[in-house]
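The structure displayed is predicted, hence computed values, not measured ones. In what follows, every chain begins at residue 1, and chains take the letters A, B, ... in the order their sequences are listed.
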Protein chains: 2
Amino acid sequence: MTTDEMLRLENQLCFPLYVASRLTTRMYGPLLEELDITYPQYLVLLALWQTDNQPVGELTKRLYLETSTLTPLLKRLEQKQYISRKRSVTDERSVLIALTESGQALKEKAVCIPEKITELFRSSTIDMQELTGFYQTLQKIIQHAG
Amino acid sequence: MTTDEMLRLENQLCFPLYVASRLTTRMYGPLLEELDITYPQYLVLLALWQTDNQPVGELTKRLYLETSTLTPLLKRLEQKQYISRKRSVTDERSVLIALTESGQALKEKAVCIPEKITELFRSSTIDMQELTGFYQTLQKIIQHAG
DNA sequence: TACGATTATATCGTACACGATACAAATGTA
DNA sequence: TACATTTGTATCGTGTACGATATAATCGTA
C-alpha cells in the first residue's frame, strides 16, 4: 500500500468501526425512546440487570467508561427513578448503584429489544458464523486496546 | 439463548462494537495531539486530503455525520486555519470546504499515523486474513444500518 | 498513631453527536 | 412569473465522552 492509500478513509480500520458503532447505536434510538432512556443508559441498565448493586468503579470497568462520563449519566438515571445511588456503609468513598423497582420492571419491557435488532439485520447477508468471527475479533481489539 | 442471556452485555453485538470504537479512538489521541486535532477532525482531514474542496453535504455523507455535528467541527478546523469555508458561487446555499496550505502541509505529518496504529496492534493475535473478514463485516453492517 | 500515598467519586472545560427547528437559496409548476 | 416545495446549512437543547483536577475516605508504614 502506498502512503496515499494508507491515508484513505476506508483503509483506516478505525473509521468503519467508528461509523458502524454510531449507526447501530442510532438503530436503538426508536426502541429505547419508548423506555425513556438513551443508548449508554441502556448499557448501564443491562449491566445492572445482570449484576445489581455495584459500585460506580465496577461499572466504569465493565463499560470501559470514565467516571467523568458515568457520574452525570447515573444522576440522570436516578432522576428518572430507575436507579438509586447510596454511599457504601463499609467504604464511605464508594457509591453503590442499585436498581429501583421501576428499574427492575423496565427489564421486562427491554427483553424484546435484542430480538428486534436481530430482526432488523435479518435480511442482511451476515450469517451466524460470520457474526461469531466478527465478535471474536472485536474482543481481541478490546483486549488489545483496553 | 434464553431471554436472560440475550440481555447480557457481551451478547449484544452493539456493545463490543461501541467499546472497540471508543478504545481505538483513544489510541489516536496521543498521536493526534501533536497535530493539534481531535479524532473526528482527523477523519474530516482524511476526507479532504483524498478529495479537496467539497460541500458540507458531501462530507456528511462520507462521514455519516449530521450537519449539526459537522458545522461546529468545521468551524473549529477553520479557527485552526486548516480549512476554509466559502459559499459556492454557483449555488449560494452550498458551503465549500477546502484545505488551506497549512491543512495540506499537515498531511505530511499525518502519514506516519496509520503505521503507528498498525504497529500498536502488531503483537495482537489478529492476522491480515482475519482483519479482511472483519473489515468486510463492518462494511455490511454500515450498508445495512446506514 | 501520625501522615504520606492510594483509592473512589465528583467537578470542570472542551468537543462531539444527534434530533428538532429555522431559514435562505434554488427548483418545479400551474 | 408567482409560489409551494425541496435543498443545503445553521442553530439550539440534551446527552454523552474524556482528560485534568479536586476531595474525602482509606490504607500503608514508620
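OP1 or OP2 of dA17(C) has at least one side-chain nitrogen or oxygen of Y18(A) nearer than 4.0 Å. A close approach under 4.0 Å does occur between a side-chain nitrogen or oxygen of T38(B) and OP1 or OP2 of dC16(C).
Rounded to an integer number of Å, the gap from CG of L63(A) to C1' of dC18(D) is 15 Å. Atom CD in E92(B) sits about 13 Å away from atom P in dA24(C), given to the nearest Å. Rounded to whole Å, the distance from CG on L43(B) to C1' on dA15(C) is 14 Å. Regarding Q54(B), its CD atom lies at a distance of 16 Å from the C1' atom of dT9(D), rounded to whole Å. The distance between atom CD of Q79(B) and atom C1' of dT14(C), rounded to the nearest whole Å, is 13 Å. To the nearest angstrom, C1' of dA17(D) lies 14 Å from OH of Y39(A). Atom pair E66(B):CD and dG13(D):P shows a separation of 19 Å (rounding to whole Å applied). The distance from atom CG of L59(A) to atom C1' of dA8(C) is 13 Å, rounded to the nearest whole Å.
Nearest-nucleotide assignment on DNA chain C puts the 5′-proximal partner with R22(A), out of R22(A) and D91(B).
At a threshold of 4.5 Å between non-hydrogen side-chain atoms, the residues N53(A) and L48(A) do not count as touching. The shortest side-chain heavy-atom distance between Y42(B) and L46(B) falls under the 4.5 Å cut-off. Contact of the F121(A) side chain with the L131(A) side chain is not registered, since no non-hydrogen atoms from C-beta on lie closer than 4.5 Å.
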Could you go over nucleotides 9-12 of chain C and give all protein N or O partners under 3.5 Å, atom names and distances?
| unit_1 | atom_1 | unit_2 | atom_2 | d |
| --- | --- | --- | --- | --- |
| dT9(C) | OP1 | V56(A) | N | 3.2 |
| dT9(C) | OP1 | S94(A) | OG | 2.9 |
| dT9(C) | OP1 | V95(A) | N | 3.2 |
| dT9(C) | OP2 | G57(A) | N | 2.6 |
| dA10(C) | OP1 | R85(A) | NH2 | 2.6 |
| dA10(C) | OP2 | T71(A) | OG1 | 2.8 |
| dA10(C) | N7 | T67(A) | OG1 | 3.4 |
| dT11(C) | OP2 | K75(A) | NZ | 2.6 |

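Taken residue by residue, residues 24-36 of chain A places heavy atoms nearer than 4.0 Å to DNA chain C at R26(A).
A side chain to side chain contact (heavy atoms under 4.5 Å, CB included) with I37(B) is found for exactly one of L45(B), L43(B), V44(B), namely L45(B). Screening L70(B), D52(B), L74(B) against I97(B) for a side chain to side chain contact (heavy atoms under 4.5 Å, CB included) leaves a single residue, L74(B).
Listed candidates were dA25(C), dT16(D), dA15(C). Nearest to the side chain of Q41(B) is dA15(C).
A salt bridge does not link E92(B) with R87(B): every distance from a Lys NZ or Arg NE/NH1/NH2 to an Asp or Glu carboxylate oxygen is 4.0 Å or more. Contact check on R122(A) versus E119(A) returns a salt bridge, with a Lys/Arg side-chain nitrogen under 4.0 Å from an Asp/Glu carboxylate oxygen.
As judged by a 4.0 angstrom heavy-atom cut-off over every strand, L65(B) is placed among residues touching the sugar-phosphate backbone only.
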Scan the side chains in residues 20-30 of chain A for donor-acceptor partners under 3.5 Å anywhere in the protein, sequence neighbours excluded, and list what turns up.
| unit_1 | atom_1 | unit_2 | atom_2 | d |
| --- | --- | --- | --- | --- |
| R22(A) | NH1 | Y64(B) | O | 2.8 |
| R22(A) | NH2 | L63(B) | O | 2.9 |
| R22(A) | NH2 | Y64(B) | O | 3.4 |
| T24(A) | OG1 | A20(A) | O | 2.9 |
| T24(A) | OG1 | S21(A) | O | 3.0 |
| T25(A) | OG1 | S21(A) | O | 2.8 |
| R26(A) | NH2 | Y64(B) | O | 2.9 |

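The distance from atom CD of E130(A) to atom OG1 of T137(B), rounded to the nearest 0.5 Å, is 3.5 Å.
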